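Every chain is numbered from 1 and lettered A, B, ... according to where its sequence line falls, protein lines coming before strand lines. Note: hydrogens, waters and symmetry copies are ignored here, and every other heavy atom, side chains too, is used. Remember, predicted model here, so these are calculated numbers, not experimental data.
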Amino acid sequence: MERYDPQAIERKWQETWEREQAFVVPNPADPQAADDRPRTYVLEMLPYPSGELHMGHVFNYTLGDVVSHVKRRQGVIVLRPMGYDAFGLPAENAAIREGGHPREISERNIDSIRRQMHRMGWSIDWTREVSTSDPTYYRWTQWLFLRFYEAGLAYRKEAPVKWCPNDQTVLANEQVIDGRCERCGAEVVAKNLEQWFFRITEYADRLLDEMALLESWPERVLTMQRNWIGRSTGAEVVFRVEGTDVELPVFTTRPDTLFGATFFVLAPEHQLVGDLIRSTDTERAVIDYVGHAGATTAVERADTEREKTGVFTGRYARNPVNDELLPIWVSDYVLMEYGTGAIMGVPGHDARDFEFATRFGLEIRQVVEPADGSPVELPYVERTTGARSMSSGQFSGLETPEAIDAIVEWLESEGLGKATVGYRLRDWLLSRQRYWGAPIPVVHCEVCGLVPVPDDQLPVLLPEVDDYKPKGRSPLAAAEEWVRTTCPECGGPARRETDTMDTFVDSSWYFLRYADPRNDQLPFDREIVDFWLPVQQYIGGVEHAILHLLYARFFTKVMNDLGLLGFREPFLRLFTQGMITRNGAKMSKSKGNVVSPDAMVERYGADAMRLYILYMGPAEADKEWHDSGIEGIARLLDRLWRLGLEVADAGRADGDLGLELVRTAHRTIAKVTDDLERRFQFHTPIAALFELVNDIYRAKEESGSEAAVRFATETAVSLIQPYAPHLAEELWQRLGHERLWQEPWPEPDPAMLEQASFDLVVQVNGKLRDRVTVAVGLSDEALVEHAKALPRVASQVDGKEIRRAIVVPGKLVNFVV
RNA sequence: GCCGGGGUGGCGGAACGGGAGACGCGGGGGACUUAAAAUCCUCUGUCCUUCGGGGCGUGCGGGUUCGACUCCCGCCCCCGGCACCA
């Protein structure tokens, strides 16, 4: 018999799909007049083109491929594009290391990864391919930046920013993990620099509230975004420094504890510290402390185990609710970046304030108690209806939520404060001092100041430079001729902005460009984008839960506000796949635990690789790679191959189909379809296919009808097609058919799902005792009689009284004795 | 500390309130073969057994239910996010 040769079969079908444009979906000439055939947009996160495709890619794109194939065969038009997130540091660092231009390195890597993707047989509309580093793409990234700028959503300001000393560039807050650069792990340092920002904070509420528009996102991703945005509601309360008219506002989420304030603290960086201590006895000590705090790294300072430090300023602030004087301290446990950089110290009801007060012997006062009046140890931080105010003047006795409302209302009426909302989210720092990114399309004119480059002068092309090495300023600055330009407004001398954009800007709108990838008038036509989007199913790694997904949502909302598109959320359904690990760790070159998909494909074929990566376990869970696991899949494919050839050889088989094997095939159709569609579960359908193939072999052995074997085999081939499209096409053809990818997805015959008989489970006191095959449709009484007659049941019941018999028709009988 | 997810054989995992461990890997035994590979058959949670079967088993302790891996309450442990965020 002809051996199963995946290499030959896969090559043949990949060429066929290419030749027949199998997965190309053209845009309608007039989106508004387009037919109402159902359509969908299945998207996976675009790859960064390093030279090698890795297991994460294989997993990600195979998931999307299975979804796409099934949808297509159900009559849905599926848009499934692919592109490359090609700007960024790895290509640039390679250019520095090995010489050459980052563009050449990127292009080489793209060619390589494209070849590998084709080799996997993924059903992609390759006519829509885009690369973010291509001028025809970044022209529109720049165009969008200018729209943001006009809308006041892109701005430049000097601010304390995070600087990576290794990559020699500033970073967005989102790119700093535990005080370290997300990319290289170097400890970041704070610098005061003038930089470009996107005003994402203006969208903080909408990024939270419009989560309600999402159809299906993993809870953990929503949680991460909520945590990241970090909205907390509270009040701003104004304290006045005694003996001056200096006002110090504080932000608090617990205005109900104002009566418990016994001290006041400023962050060391607070700009009023200097004024307050000028020419006082404490000036020297405070300056020393501030200097000392400034030398502490962010990582050290974030250590909550560290003992609290601080220094008294000699000044007092007046508590607006009771006119008490509170000593003003300076301490680095108060952060300048959050709230107002000043807090009221309420040691009775805040763990940090408690620690500080204990350390420096400050008064600790209780103003909240459990609602039942029971005694409690301080600090008591409960803030629900389980707590109530005490010793708080007119607010005493109110439960905490009401006390907060009442006191905020009172503060507002007295002009002492107001309700406010605090966020953890910071504006998105988008400028980078690196070469391989989209230039920010702005010029600096001595006369006119910042001037945007006019649309008709886009793209601002990257200049050619010799040295990509970062030196603390953008390598673009070395291209002196490029930098020197004329002001678009006054025609006078001007200098180009030399920073480039964060690559996350590029990937914040690529999914829109796919809809209209060759448009040279606009980034995309609104009607076409509204025709295809929002994305119905987005699939990618959970590592993008905050960065990319938050930025893309922000971009979409802004573009919606600017009238560029007609929806507010880009991705209605999100699926985050788990990580593939080996020896308990993420695969990485430095750990030397990488399994190359290429090698697996060479040895077992793309079909086996595709099936195995989905068979490993639930798609959302992290999974440990075992080399031996793929052997079982290889056996399955080989068994199916031999079965297919035998059936094809036997030719047309007529005869009776009413056999158990045919029922099994129909049950498998129902199971596979339900798992894929309703449960979004990809590994259990493969188990069902194993069972079906095993059953076919068994039936053949027991000389089942040839017609039934043929039907079951064709069903298995048809069902495995989304997973193993090459083998499935080949067998489908040999079985005398045409193109399986155009064949409707099978539907189970309801009559075939009906059973003539079933195994009745018999329990005594809820424990399984026996089972018996009985006809379907018997009365409850008849089932009980059948069950009672069983010897193993009788021996269990033996002498005891049957108090009750629970009958679940078609399933079981349970005797309670 | 707050928020989210999870804990089932040697391993990956299945079980959608009703048969715990489907399916696969690994392992034992056997057939075919001069031999090996491939292929095929068979056993494989655990303890007891007179070989009929029986006891125990889904992190721990309670509860709801005729019946709980599944639902509820309280713990323990692991993973992820946030965190001196006031």
**OP:** Pick the P atom in B:U70 and in B:C23, then give their distance to the nearest Å.
**Re:** 24 Å
**OP:** Please state the C1' separation for the pair B:G55 and B:C66 - nearest whole angstrom.
**Re:** 22 Å
**OP:** Specify the separation, in whole Å, of atom CZ of A:R639 and atom C1' of B:A38.
**Re:** 13 Å
**OP:** May I ask you to say whether A:E174 pairs ionically with A:K162, meaning some side-chain N is under 4.0 Å from a carboxylate O?
**Re:** no
Subject >> N-O pairing of A:R582 and A:D627 below 4.0 Å >> reply: yes
Original post:
Going by a 90° cut-off around 0, is B:G52 syn or anti?
Top reply: syn
Subject >> NZ/NE/NH1/NH2 to OD/OE distance under 4.0 Å, A:R3 and A:D5 >> reply: no
Subject >> Given RNA chain B, 5'-ward residue of the pair A:T223 and A:Y423, judged by closest heavy atom >> reply: A:T223
**OP:** Could you tell me which nucleotide pairs with B:C84 by Watson-Crick or G-U wobble geometry, both distances under 3.5 Å, or answer none if nothing does?
**Re:** none
Subject >> Watson-Crick or G-U counterpart of B:G4, or none if no pair lies under 3.5 Å >> reply: B:C79
Subject >> Atom C1', compared across B:C11 and B:G45: separation rounded to whole Å >> reply: 14 Å
Subject >> Test ring pair (Phe, Tyr, Trp, His ring centres under 6.0 Å) applied to A:F263 and A:W329, step by step >> reply: CA-CA 8 Å; A:F263 59 97; A:W329 288 65; 7.6 Å; no
Original post:
Does OP1 or OP2 of B:G53 have a side-chain N or O of A:R769 closer than 4.0 Å?
Top reply: no
Original post:
If pairing requires Watson-Crick or G-U wobble contacts with both distances under 3.5 Å, which nucleotide is the partner of B:A20?
Top reply: none
Subject >> Residue A:A687, side-chain atoms from C-beta onward, closest of B:C25, B:A22, B:G13 >> reply: B:A22
Original post:
How far does the C1' atom of B:G17 sit from the matching atom of B:C32, given to the nearest Å?
Top reply: 48 Å
**OP:** For B:A86, take OP1 and OP2 only and decide whether either is under 4.0 Å from a side-chain N or O of A:Y338.
**Re:** yes
Original post:
For the side chain of A:Y697 and the base of B:C40, is some donor closer than 3.5 Å to an acceptor across the two?
Top reply: no
Original post:
Is there a Watson-Crick or G-U wobble partner for B:A14 with both distances under 3.5 Å, and which nucleotide is it?
Top reply: none
Subject >> Given B:C82, B:G18, B:C11, the nucleotide with the shortest approach to the side chain of A:H626 >> reply: B:C11
Original post:
Which value, in whole Å, describes the distance between the C1' atoms of nucleotides B:G29 and B:C48?
Top reply: 24 Å
Original post:
Within the pair A:R804 and B:C66, is there a side-chain N or O less than 4.0 Å away from OP1 or OP2?
Top reply: yes
Original post:
Could a donor-acceptor pair under 3.5 angstrom be found where the side chain of A:R678 meets the base of B:C16?
Top reply: yes
**OP:** Considering only atom C1', compute the distance from B:C47 to B:G12 and round it to an integer number of Å.
**Re:** 26 Å
Subject >> For B:G52, the Watson-Crick or wobble partner whose two distances fall under 3.5 Å >> reply: none
Subject >> Closest to the A:S628 side chain, choosing from B:G26, B:A86, B:G18 >> reply: B:G26
**OP:** Please measure how far the P atom in B:G74 lies from the corresponding atom in B:G1, and state the result in whole Å.
**Re:** 16 Å
Subject >> Between B:A22 and B:U44 - P atom distance, rounded Å >> reply: 10 Å
Original post:
Within the pair A:R635 and B:C23, is there a side-chain N or O less than 4.0 Å away from OP1 or OP2?
Top reply: no
Original post:
In terms of the nearest nucleotide of RNA chain B, which residue is placed more toward the 5' end: A:N227 or A:E307?
Top reply: A:N227
**OP:** Among B:C82, B:C16, B:C84, find the nucleotide with the atom closest to the side chain of A:R679.
**Re:** B:C16
Subject >> Minimum side-chain heavy-atom gap A:F59-A:M579 below 4.5 Å >> reply: no
